[in-house]
There are 2 protein chains.
Amino acid sequence: MSTTTGQRPMRADARRNYERLLAEAKESFLEHGADASLEEIARRAGVGIGTLYRHFPTRLALQEAVYREEMEQLAAKAYELAETSPPDEGIAAWILAIAEYSRTKRGLVQILKATIDLHSDQFISCHDQIETAAETILARAHAAGTARPDLRPCDLLRLAHALSVASERAPEDTELLLSFMLDGLRPRS
Amino acid sequence: MSTTTGQRPMRADARRNYERLLAEAKESFLEHGADASLEEIARRAGVGIGTLYRHFPTRLALQEAVYREEMEQLAAKAYELAETSPPDEGIAAWILAIAEYSRTKRGLVQILKATIDLHSDQFISCHDQIETAAETILARAHAAGTARPDLRPCDLLRLAHALSVASERAPEDTELLLSFMLDGLRPRS
DNA sequence: AACAATACGGAGGTACCCTCCGGTTGGCAA
DNA sequence: TTGCCAACCGGAGGGTACCTCCGTATTGTT
């Protein structure tokens with residue numbers, strides 16, 4: 001789903017349409033959530049529906065393309081946090097970042113889901129990227145002994161996913177929910 | 001959404017159709033998830049689509065009717081656990097029960113969402129029922145000092161919702177995820 | 001038996017999904 | 001420049017689903 005086919009570069013018109021679609025899709029997903037109408041996206045891009053489907057055979061493919069950049073930023077944030085924060089704080093901040101982000105850009109939730117799902121082969125690059133980031137940030141916590149040893153990278157992503165879904169309708173409680181997740185239900189001793 | 005209109009009982013044919021619809025809906029939601037086709041439900045019930053919409057003006061109304069019974073059972077479970085288990089174990093078990101249940105009967109997730117959303121006036125009875133159950137089970141934990149004082153009933157429901165969504169594709173990890181939520185990320189000391 | 005009141009059903013208008021293929025366009029070679 | 005063909009476009013078309021509306025049928029009551 002990149003702008004080159006690996007071999008020859010795309011034809012000029014193809015590239016133009018690809019980019020218009022991407023721009024409109026970004027807008028539409030933001031506006032109507034992850035199940036915005038694909039036909040409207042094509043319409044707004046001034047392009048036939050067939051063209052949309054040629055470039056992005058599936059809704060998920062389109063979402064991936066739209067959010068790839070943001071995914072990279074989230075991954076980058078993990079590396080940044082791994083260097084600048086204490087391990088456990090870093091994890092908390094990262095989960096929060098993912099959750100908050102995916103509330104704004106609602107399409108991300110589906111991608112997160114697909115990323116979490118091991119059987120999705122469409123998303124290998126996104127998957128690897130985020131999973132590696134999760135590994136990195138988790139590795140330090142494990143080394144420092146501040147994370148349970150049985151905590152895996154994908155669990156981190158699942159928690160982020162859970163948090164983003166759960167706080168969808170009550171953004172103001174996001175941090176509180178996260179604190180429950182992180183610190184447990186018992187009173188601090 | 002009950003089988004009587006508050007005043008006179010429903011006409012015989014109306015009641016018959018109502019029940020057929022309910023039965024087919026239960027089946028369909030189980031089979032295809034919460035967004036099963038309403039037209040197919042009507043078809044399988046041998047009833048016109050108009051009849052479905054008359055009885056259940058909205059998809060959520062139909063789901064509510066289908067799951068009301070199960071909601072009652074979940075609420076009952078809360079009371080049962082409140083009497084038979086230590087407070088914190090009870091909470092864990094209850095959240096788990098909700099999450100496991102909603103994975104099986106996938107429509108419940110939407111209801112859980114609507115229940116959590118305070119602005120849904122369609123669901124007052126369900127909402128009250130579950131929320132009261134959550135209150136009860138939580139009250140004991142608070143009294144016993146085993147739950148953080150800032151933990152509210154709706155947070156419990158949100159956690160259950162989060163858990164059910166997060167473990168959708170990996171049921172085997174449900175308990176592990178729950179343990180992260182409950183016990184936090186730090187190693188046990 | 002006749003008459004309201006109540007309930008039925010499905011046609012119809014709209015929207016969306018996705019596929020398929022005749023027509024168009026861009027870029028390269030002559 | 002011209003011409004050619006692979007690459008690309010667009011949208012019609014067939015299918016499904018949503019929801020509304022209203023002429024028709026059924027119920028139960030007098």
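Values in this document were obtained by computation on a predicted structure and should not be read as measured data. Side chains included, hydrogens not; waters and symmetry mates left out as well; all remaining heavy atoms used. Quick note on labels: first sequence line is chain A, next is B, and so on, each numbered from 1.
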Side chain to side chain contact (heavy atoms under 4.5 Å, CB included) against B:A23, all qualifying residues, sequence neighbours excluded: none
Side chain B:Q63, main chain B:A34, donor-acceptor under 3.5 Å: yes
Rounded interatomic separation in angstrom, taking NE2 from A:H32 and P from C:dA15: 13 Å
Interatomic distance where CD1 belongs to A:I41 and C1' belongs to C:dC16 [whole Å]: 12 Å
Base versus backbone protein contacts along nucleotides 25-30 of chain D [heavy-atom cut-off under 4.0 Å; B, S, -]: -BSS--
Minimum heavy-atom distance between A:D155 and A:D150, given as atom pair plus value: OD2-O, 3.9 Å
Whole-Å gap separating C1' (D:dC9) and CG (A:L21): 12 Å
Distance in angstrom units between A:F56 CZ and C:dC17 P, rounded: 15 Å
Could you pull out all donor-acceptor pairs under 3.5 Å where a side-chain atom in residues 38-48 of chain A meets a protein atom, sequence neighbours excluded?
unit_1 : atom_1 : unit_2 : atom_2 : d
A:E40  : OE2    : A:R44  : NH1    : 3.4
A:R44  : NE     : A:E24  : OE1    : 3.4
A:R44  : NH2    : A:S28  : OG     : 3.1

Summary of protein contacts for nucleotides 10-20 of chain D, nucleotide by nucleotide, where a base hit scores B, a sugar-phosphate-only hit scores S (4.0 Å, heavy atoms): BBB----BBBB
Pairing residues for A:R16 by the side chain to side chain contact (heavy atoms under 4.5 Å, CB included) criterion, not counting sequence neighbours: A:D13, A:R20
Presence of B:H55 side-chain N/O under 4.0 Å of C:dA7 phosphate oxygens OP1/OP2: no
Parallel, tilted or perpendicular: rings of B:Y67 and B:F29 (30°, 60°): parallel
Listed once per pair and sorted, the side chain to side chain donor-acceptor pair (under 3.5 Å) pairs that draw on residues 135-144 of chain A, sequence neighbours left out: none
Test item: B:W94 side-chain N/O and B:L74 main-chain N/O as donor-acceptor pair under 3.5 Å: yes
